[in-house]
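After the structure tokens below, expect a handful of questions from me.
One-based numbering, in listed order, for ligands and for the atoms of each. On a predicted model such as this, the values are computed, not experimentally measured, just so you know.
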Amino acid sequence: MAAYDLILRNALIFDGAGGEPLEGDIAVKGDRIEQLGAVDAAAYEELDLTGAAVAPGFIDVHTHDDFAALLYPDMSFKLLGGVTTSVVGNCGMAAAPFPAAAALAKAFHPNQKLPEWEGYGGYLDHLDRHPASLNVAVLAGHGTIRTAVMGGATRVPTSSELAQMQAVFEEGLAAGVIGLSTGLIYEPGRHADTDEIVAMAAVMADKGGIYATHMRDEGSGLLESLKEAVEIGSRAGVGIQISHHKAAGRENWGKVEDSTQFIESAQQQGVNIHADQYPYTAGSTFLSAVVPRGMNQAEDGLGMMDAEGIVIASTSIQTEWEGKSIAELSDHFKLSPQRTAEKILKTEPGATVVLHSMSEVDVQMVMQHASTMIGSDGLPTLEGKPHPRLSNTFARVLGLYSRELNLFPLQEAIHKMTGLPARKFAFTDRGEIRPGAFADLVVFDPATVIDQGTFTDPNRYPKGIDRVFVNGVEAVRQGQHTGARSGRTLRRNL
Ligand code: ZN
Ligand code: CU
């Protein structure tokens, strides 16, 4: 009888906590790591990993995979990039209440029949019964909850509406959601005032939930928005996660110097605040979030954008528009950029776009900051031309920003995608390689790992990710999905 199920031998081990890598063996039994170092025992399967690196599986702290995890349970677009845990429900858009959630999900999955459930508990149970190939942790979404209770109302809620919204969130908390997200730039989140969000977030005070926010303004009002986030977290008594930390729009480039400084001083005053970031100078969102603000105006949080920099990423019918910029389509239609965008929205209300709006200097400054974790913010519009961040985020940080540009050592890059998020979101026994931790592991080649997806060819997966284990089960072998579905739901410790 072998002592272990699996021993990974002679690997360069990154512990996820940020320590120097060590060469050694990792012994796994069942779903856990049991021994580390020089393991003098036998296993049913032993792999010699000389020359390869092993890290904890990557935790994608910012995703929109709520429906994708059920529609595409193999989750190849994440797993083949080394991701073993996806935090769904960001930017105010989440899995319940179902009718409001499904209306939004239709934009990402226009041609799919959506599975159904009731409440956050129903969603989590559904995932338990139909597990994906990776672990899923769930944020409740303020926007989805508001829509369910108030429809499209643009006013503040009455006290009874607010109580109903709180009750929906309470159901989620009791079922195990890990926090609440907002999308204060979107409908309907932008109609919520600070007090409304405080009242919602306060429901999770003393319950360990995190307030994750796509702030009101990531352009000229970046600092004011950050202050509001800190006010909300402090008044509600909860930890704060700033989503996709950036300064959007050329006229706002450089503002991240102040925003990183602001986060740092808040941390020094004892505020539990961090941020996440995807490693690109282009963002991605709904075209409908861009147009009402006027295409060429520095208004309302998106920053100045030009028509060349706004590229259609996904549509439901007019797929020939995908990959084309508003400038190109405006030439084609012989309409102004604004009219062009309005015309597109008439036929394609759920169209998503890639927005080229950030500076590389800013991206690097945010990434180097100790408060920053990595999160893809990928939109799983697999049928269109999604932003390549969907599949390539983690490999790009490792290969481009750590190895090639030398922004930080590999152990620090890995910490930002493993140990740091696991601690922030209280994923017990995950994000680190040590005896007793879950065997979520990624085996990669530190000399060659790199992103391969581009804006024109976004569905190419990264290179150099060799094997992935999820809860001790091999889900990727030699770069190929094994078909394993060993992911679990990560419920908040109740
Ligand atoms: Zn967002
Ligand atoms: Cu998002």
ask   = If we only count heavy atoms from C-beta on, is the M367 to P279 side-chain gap below 4.5 Å?
value =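 Yes - at least one pair of side-chain heavy atoms lies under 4.5 Å apart.
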query = Does the side chain of Y72 come within less than 4.5 Å of F67's, by heavy atoms?
reply =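 They are not in side-chain contact.
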ask   = Will you find, in the side chains of D377 and S284, an N or O donor that is under 3.5 Å from an N or O acceptor?
value =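 Result is no, nothing qualifies.
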message = Using 30° and 60° as the class boundaries, would you call the ring planes of F425 and F427 parallel, tilted or perpendicular?
response =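 The rings of F425 and F427 lie parallel, inter-plane angle below 30°.
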Atoms (protein N, O or S; no water) under 2.8 Å from the Cu ion (ligand 2) =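 Counting protein N, O and S atoms closer than 2.8 Å to the Cu ion (ligand 2) gives 4.
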H244, N/O/S atom nearest the Zn ion (ligand 1) =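 The Zn ion (ligand 1) is closest to the H244 atom NE2, counting only N, O or S.
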ask   = For R423, does the CZ atom have more than 12 heavy-atom neighbours from other residues, nucleotides or ligands under 6.0 Å away?
value =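 Counting neighbours around CZ of R423, 12 or fewer heavy atoms of other residues, nucleotides or ligands fall under 6.0 Å, so no.
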ask   = What class does the angle between the rings of H387 and Y278 fall in, given that below 30° is parallel, 30 to 60° is tilted and above 60° is perpendicular?
value =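 Taking Y278 first and then H387, their aromatic rings stand perpendicular (interplane angle over 60°).
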ask   = Per the side-chain contact (heavy atoms from CB on, under 4.5 Å) rule, which among K255, Q277, E218 passes with K246?
value =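 Per the side-chain contact (heavy atoms from CB on, under 4.5 Å) rule, the option paired with K246 is E218, out of K255, Q277, E218.
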key: For the Zn ion (ligand 1): the N/O/S atom of H214 at shortest distance   =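 Answer by atom name: ND1.
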